[in-house]
Every structure is written in C-alpha cells, then in structure tokens.
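This report refers to the structure that appears directly beneath it.
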There are 2 protein chains.
Amino acid sequence: MTTQSHIEKRAKILDAALHLFVDQGFHATPTAAISKAAGVSAGILFHYFKTKEDLIYTLFLETKLEFYRVMMTGLDKVKSPEGKFRLIWSNMWNYGVDQPHKFKFVQQIHNSPFEDKIKEDNAILDMTDKMTQSIHAAIDAGILKNVPIELHMNNFYFLILGLVELIWQKPELRNNNTFIEQAWECFWDCHKT
Amino acid sequence: MTTQSHIEKRAKILDAALHLFVDQGFHATPTAAISKAAGVSAGILFHYFKTKEDLIYTLFLETKLEFYRVMMTGLDKVKSPEGKFRLIWSNMWNYGVDQPHKFKFVQQIHNSPFEDKIKEDNAILDMTDKMTQSIHAAIDAGILKNVPIELHMNNFYFLILGLVELIWQKPELRNNNTFIEQAWECFWDCHKT
DNA sequence: TAAATTATTGAGTGACTACTCAATCACATA
DNA sequence: TATGTGATTGAGTAGTCACTCAATAATTTA
C-alpha cells in the first residue's frame, strides 16, 4: 500500500507549512518554499490541497482541533470545580509551551483576515459550548465571580496567552514550581469570588 | 510652503497603509493599493519611504509611540497607586476601543517576524522602564502581589487585550458601568495582594 | 525673474508567484 | 505479464509585485 507514505507526505507538507507560515507569514511564504522544505516536488502540493488557501484552512482547523482536544484531556478524572479549571489552565499553557509554532499559528490566524472566512468546525463549537456551561455552573455554585461569561472566557484565554509568551521568553520558569503557583494564584484570583 | 501638504500626503499614505495592512495583511497589500487608497501616484510612496519595509517600520514606531503616550496621559494628577494603575488600565483599553486599526496593527507586528527586526525606540524603552519601576514600588509597598514583575506586566497587558477584544465584539459594554467595574475587579484581583 | 530644488506622475522592468499539465513512475489487481 | 489507477515530477505560463526613472510641475532661493 502507498497509503502510509501518502499520509506521511501530506503531514510533511502541513508541518513544513506550519513552520514557514509562523516564521515568515502566509503571503511571504511561496508554495515552492513549502514543497522544498517538505522534500517534495512543487506540483504535489496541489494534489493534496486544492489551493494555498485550502492548505491554510486545513492547517488551521486541524491545529485548532488538536488544541481543543489537548485542552480537555483528563478532565473527567477531576472532581472539584477549581481542580477542573486548574487542569484546563495547565493543559493549555503546557500545549502552548510545547508547541510554540502551532500555538502561534492559531494566534496568527486569529488576528488576520482569514479568521472571518473560516467557519468553525462543529467539534470546536461543541468545546466552546462545554466551556461556557462549566463556567455558568461554577458561577451558580458561587465559585466564580458573577460577571458576564464572555469576560471570564476572555480573561481565561488571554491570561494563559500571556503566561505562555512569558515562558517562551524565560523557559526556565516552566520548572519553577514557585513561579507556576504564583501564576496560578493571579489567574485564580482573577476568576474566583 | 509645501510643507503642509507634504506632511498631509505622508500621513495619508500611512493611514491608508494602516487600514489595508490590518484588513488584508502586509504581504497581501500591494504598494499600488496603498497609493491608490491614499489618492497619490504609485511612485510617490517611494519618495517618502525608501521601501515597503521602511513604511511598515515607520508606521509601527509612530503607532506604538502614540499608544505609549496615551497610556501615560494624566498620570501625574493621580496620587494613590491603585488610582495610577486604574488610570493606565483605563487609558489603554479606551485607546484600543477607539483606535481598533492602530491597536490591531501593533498586535499584528507583535506576532510577526518583523518584531525581531525592529529595534525599540528610546522613548519606548523609557516608558517600559517607568512601568517596571512603578510595579516594583507597588510590590514593595505591599499593594501588588509579590510575584515576578514580568508576570505582572504580562497579566496587565493581556487582560487589557482581552477586554478590548470583548468590547469590539459587544460595543454596548463600553458604556455599561456595571460591566466596566466588573472588568476592573477581575483585573485588580489578579494583581493586588 | 532665473536658477536650483523638490514634489509628483505613471508607464516600464525584472523578479517572483500560484498553479497547470504532459509525462513518468509505483504499485495493485486480474 | 498486462493493464489500470493514483502518485509524483518539474518545466512552463500568465499574472502580479516592488521599485525605477525620465519627464514635468510646483515651490523655494538668489
């Protein structure tokens, strides 16, 4: 079967594109550079992806999906609401630190005109929904501040973004437990009642 | 004197570039589109700016400088440390809400490969320094949490970023005092001891 | 007013880009 | 082995881009 090398080649193209897009930007990255970095011919890229835009969309959707999946990992093993939030918080910043290119890429799309053109995948909408419900429940239980859910969501996301960027700058912070506890304290004080 | 129309023309080019860069991205925006939007000939752009990159750098520096200046406006009239932080917080998100293109543009550069190429202006370094010292003093005075300054800085900046994006989505929140107070409470709880 | 300087134009140029396509290759099935 | 199917190549194409430049207009200076 060629299927194996088939999938591998597709993945190589996506990976090469990811790195080049983040390091140089979409439009500054010629498709020829992508195929070269992936070690394939210029033409084959258009066999796997209809257009360059199609490649960008595919990369965005697959990356965001992976991100959301990782974010929720192990959630059912935790009981307390604070524990749940701490796990998601931890999952998210760890993903950002481990996968800087993927994390940056999602960011990059987020503040770009592509954002509007991409209709959200159902799986992603489900995740957002799940998150909204968790926050709602925690507010009702008196655990989180009684402020609009959107405010919680944005504070949640952007505080993690800031943390990830900080650890990118100073990687040693990652294993500094005191620091991680401080970061959590700031985060939790922001949300808790 | 041509100086007046001279400056106006330059400003028109910068303004057209700002809008197009934000709406379409740097590389997706041809210089011809910029000059057309600015109502000038294609050639004159290169009279005012050596290259397209030079235009981007200039726009970035001037915008960031304006942002930092606005951020510090009225600071000497406030006495209490909490009042100072609240004023900077307020200045920043108001600027973001009022100048979405400028705000987005600074963001856009921030997560792009240009970031590294641009050496910070002295005026900007001064501002960052001022900020660092204020936070340091507030920690010593027991007002802010005793956590690394970089953590305060990032939490500060990213929480505002989240607030600005939220108000972009729901502009009516801007005049909702209850909401603004809630946003401040989250922000302040994150930082205060 | 004359000369020097600067602002402005827009057609032109060489380099580059996304995408195509005819040809070849790898492999599976019969 | 013969035939069919999809994978793969890379030179070719039509179009786009940043930037130039010779020519002209506007403005300043002497």
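Reckoned from all heavy atoms, side chains included, excluding hydrogens, waters and symmetry mates. Below, read A as the first sequence line, B as the second, and so on, with proteins coming before strands; counting in each chain starts at 1.
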Look at the side chain of B:W168 and the backbone N and O of B:G96, then say whether any donor-acceptor pair between them is shorter than 3.5 Å.
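Yes; judged by distance alone, with no hydrogens or angles, the pair exists.
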
Using a 4.0 Å heavy-atom cut-off across all strands, classify A:T29 as base, sugar-phosphate, or nothing.
sugar-phosphate

Which nucleotide, C:dT8, C:dA18, D:dT8, lies nearest any side-chain atom of A:P30?
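Among C:dT8, C:dA18, D:dT8, the one nearest the side chain of A:P30 is C:dA18.
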
Side-chain ion pair, A:K104 and B:E115, N-O less than 4.0 Å:
no

Using 4.0 Å as the upper bound for N to carboxylate O, is an ion pair formed by B:K64 and B:D121?
no

Validation: residues 70-80 of chain A side-chain donor-acceptor distances under 3.5 Å, sequence neighbours left out:
| residue | atom | partner | partner atom | Å |
| --- | --- | --- | --- | --- |
| A:T73 | OG1 | A:R69 | O | 3.1 |
| A:T73 | OG1 | A:V70 | O | 3.0 |
| A:S80 | OG | A:G83 | N | 2.9 |

Earlier contact from the 5' end, DNA chain D, for A:G39 and B:A32:
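Nearest-nucleotide comparison on DNA chain D picks A:G39.
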
Take atom [atom1] of [X] and atom [atom2] of [N], then tell me their distance rounded to the nearest Å.
X     : N      : atom1 : atom2 : result
B:L45 : C:dG10 : CG    : P     : 14 Å
A:I34 : C:dC19 : CD1   : P     : 10 Å
A:I44 : C:dC19 : CD1   : C1'   : 14 Å
B:K36 : D:dA18 : NZ    : P     : 15 Å

What's touching nucleotides 19-24 of chain D from the protein side, N or O pairs under 3.5 Å?
| residue | atom | partner | partner atom | Å |
| --- | --- | --- | --- | --- |
| D:dC19 | OP2 | B:K52 | N | 2.8 |

Compile the donor-acceptor pairs under 3.5 Å between side chains in residues 12-21 of chain B and protein atoms, sequence neighbours left out, one pair per line.
| residue | atom | partner | partner atom | Å |
| --- | --- | --- | --- | --- |
| B:H19 | ND1 | B:D15 | O | 3.1 |

Strictly by ring pair (Phe, Tyr, Trp, His ring centres under 6.0 Å), give each pair with a member in residues 109-144 of chain B just once, sequence neighbours left out.
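Found B:F26-B:F114.
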
Strictly below 4.0 Å: does [X] bring a side-chain N or O up to OP1 or OP2 of [N]?
X     : N     : answer
B:H47 : C:dT8 : no
B:Y48 : C:dT8 : yes
B:K9  : C:dT8 : yes

Might you work through the side-chain contact (heavy atoms from CB on, under 4.5 Å) test for A:K170 and B:E150, ending with a clear yes or no?
CA-CA 10 Å; A:K170 310 202 163 189; B:E150 298 91 349; 2.8 Å; yes

Restricting to pairs with a member in residues 124-141 of chain B, which pass salt bridge (Lys or Arg N to Asp or Glu O under 4.0 Å), not counting sequence neighbours?
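Every pair satisfying salt bridge (Lys or Arg N to Asp or Glu O under 4.0 Å) with a residue in residues 124-141 of chain B: there are none.
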
Here the residues of residues 12-28 of chain A within 4.0 Å heavy-atom distance, strictly under, of DNA chain D are none

Is the B:F187 to B:H191 ring centre distance short of 6.0 Å?
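Ring centres of B:H191 and B:F187 closer than 6.0 Å.
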
